[in-house]
Amino acid sequence: MKMTFYGQFVAGEDHNSIKPLIRKNEAFGVGAVLDYSVEEDLTQEEAEKKEMDSCVSEAEKESPGADHREKKYKAHRQFGDRRGGVISARTYFYADEAKCDMQMETFINCIKASGNQPHYKPSDKTTLQFSEVLVKWRRFFNFLSAQQGKSQMTVLEQKLELEQLKESLTELGVGAKDDIENWFTGEKLGLSGTIDLLDWNSLINDTTKISNLLMVPNLQTGHLEPLLNIFTEEEERQMKRMLQRVDILAKHAVENGVRLMVDAEQTYFQPAISRLTLEMQRKFNREKPVIFNTYQCYLKEAYDNVTLDVELSRREGWYFGAKLVRGAYMYQERARAKEIGYEDPINPDYEATNRMYHKCLEYVLEEIEHSRKANVMVATHNEDTVKFTLDKMNEMGLSPTENKVYFGQLLGMCDQISFPLGQAGFPVYKYVPYGPVNEVIPYLSRRAQENRGIMKGSQRERSLLWKELRRRLLAGQIIYKPVY
Ligand SMILES: Cc1cc2nc3c(=O)[nH]c(=O)nc-3n(C[C@H](O)[C@H](O)[C@H](O)COP(=O)(O)OP(=O)(O)OC[C@H]3O[C@@H](n4cnc5c(N)ncnc54)[C@H](O)[C@@H]3O)c2cc1C
């Protein structure tokens, strides 16, 4: 295996054996994002069982017929195997807290070994429930915004008149007049006489206060329902442990001078993952960007998400850090939305995703141009996007030596992009998977498929390889070892 797929896509078995490869890449100006790639080799049935065991809340288990959650945020057995159709990302299934703690230890070792940056993936049932809460809360804002005739404006322009908002909330029966008055008496809230989505989101910062009590109207039935089905004690504990783990990882990252990239997942987990990442950014990105969130530009709402988070970082004065990707779960997302019956969250076609990527990227680059605080990783194998970034950096006078715009590709793929960038002095990183041969095989078999797909479309990479082969034959250098 080490002479074939493993050797091409995986750096080694553990954080020691990967060091020579990391050093070699660094000699060519290419850094590493460590990616511990062990996946359990589960059958589809086992994966589905694990997903259902871990993502169904206690309340749902006790009364399975009752309608506890919106269908998008419920676990569905037929989509329980989240690996289906996903080839550029690792998939973990929640087993128990002990296993999560073990994984955290692995991530800590990864941070210590790194010197560069590892990435992290949180997901389990509390993430699913919390995602639903955040989405319902945002949808409620959209509803109130429409009542004030502002739904056509961009998300940051939608500023709701405070007095009108209080009246609507009281009329809807969301709370008593005095309670609602109290919501908006915080330090910053309501001083301007308007409330935007960021102010609105800050109302559920302290989930133990308002959200446990809050009733929001179900926009389909018109009935009031609790924003949050109360967590059981065990679920509360799991949520707290997850926050603690994330906190420990972030502290290790700061201590070791390492940046931590949080990967993006499926849309039914992502709102909670983004929110947790944001809380970490608030806390740890005070002096420089340590924590990076990932934005998937195949999502219709990608631009709204990016602009909202950038605006929040401006208001609160922390360093925005983003990894921009197109998104790895397209087929699964589309199939799930169709089968379960909710709106497809993905852009209608590839061109729309490309436009979205460039729009989000341009927005972040402009932010860097103006504040010099934000950082972005352009994580893509798409040559047009890399060229677009280089042109924009040039236009905006963003020098690669400022280290604010990085590029990211996966190990073993698109070296014709990474290495010239590295040698030209641009910060560029390979996602470097590592792990024991047997345990990396499930991941590798999917990577092999992806590479086949990319190679099919990539005439350019093939012609470059032929050119190099011809050069080596003519120079009598079949086995070529560059000196560095
Ligand atoms: C360093 C790195 C880190 C990554 N981290 C993550 C992560 O955290 N989370 C994650 O989800 N993915 C992640 N990915 C994978 C990424 O999202 C893409 O799946 C992969 O990189 C291919 O996209 P591209 O921009 O490289 O290439 P391209 O070939 O230009 O784009 C392919 C992508 O375009 C989109 N697309 C294709 N067809 C359509 C269509 N018909 N309609 C709408 N959109 C379409 C899909 O997102 C598809 O993956 C990462 C990739 C890299 C290189």
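Basis for what follows: all heavy atoms, side chains included, without hydrogens, waters or symmetry-related copies. Counting convention: from 1, in listed order, for ligands and their atoms alike.
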Does [X] approach ligand 1 within less than 4.0 angstrom via side chain, backbone, both or neither, non-hydrogen atoms only?
X    : result
M261 : neither
M330 : side chain
M377 : neither
T380 : both
Q270 : neither
Y350 : both

* Asked: Is the shortest distance from a heavy atom of R334 to ligand 1 less than 4.0 Å?
  -> yes
I want to confirm something. Looking only at heavy atoms, which of [options] is nearest to [atom]?
atom                    : options          : answer
atom 10 (C) of ligand 1 : C414, A379, A328 : A328
atom 1 (C) of ligand 1  : Y429, Y431, F407 : Y431
atom 47 (O) of ligand 1 : G327, A264, P348 : G327

* Asked: Is it true that the NZ or CZ of R355 lies under 6.0 Å from the centre of Y350's six-membered ring and within 45 degrees of the ring axis?
  ->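 Negative - R355 is either too far from the ring of Y350 or too far off its axis.
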* Asked: Shortest non-hydrogen contact from L21 to A11?
  ->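 Where L21 meets A11 most closely, the heavy atoms are CD2-CB, 4.0 Å.
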Taking [X] first and then [Y], would you say they form a salt bridge - that is, a charged N and a carboxylate O separated by under 4.0 Å?
X    : Y    : answer
K283 : E279 : no
D263 : K323 : yes
K392 : E366 : no

* Quick check: does T353 get an N/O under 3.5 Å from an N/O on ligand 1? ->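 Yes; at least one N/O pair falls below 3.5 Å.
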* Would you call the rings of F419 and F28 parallel, tilted or perpendicular, where under 30° means parallel and over 60° means perpendicular? -> perpendicular
Identify, by atom number and element, the atoms of ligand 1 in contact range of [X], meaning under 4.0 Å from any of its heavy atoms.
X    : answer
G408 : 1 (C), 53 (C)
N347 : 42 (N), 43 (C)
Y329 : 11 (O)
D263 : 8 (O)

* Asked: For E287, does the CD atom sit with more than 12 other heavy atoms under 6.0 Å from it, leaving out its own atoms?
  ->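 12 or below, so no.
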* Asked: Ring centroid separation for F140 and W200, is it under 6.0 angstrom?
  ->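 Yes, ring centres under 6.0 Å apart.
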* Aromatic ring centroids of Y363 and Y303 under 6.0 Å? -> yes
* Any chance you could lay out the salt bridge (Lys or Arg N to Asp or Glu O under 4.0 Å) test for D391 and K387, step after step, and finish with the verdict? => CA-CA 6 Å; D391 287 346; K387 282 186 197 139; over 6 Å; no
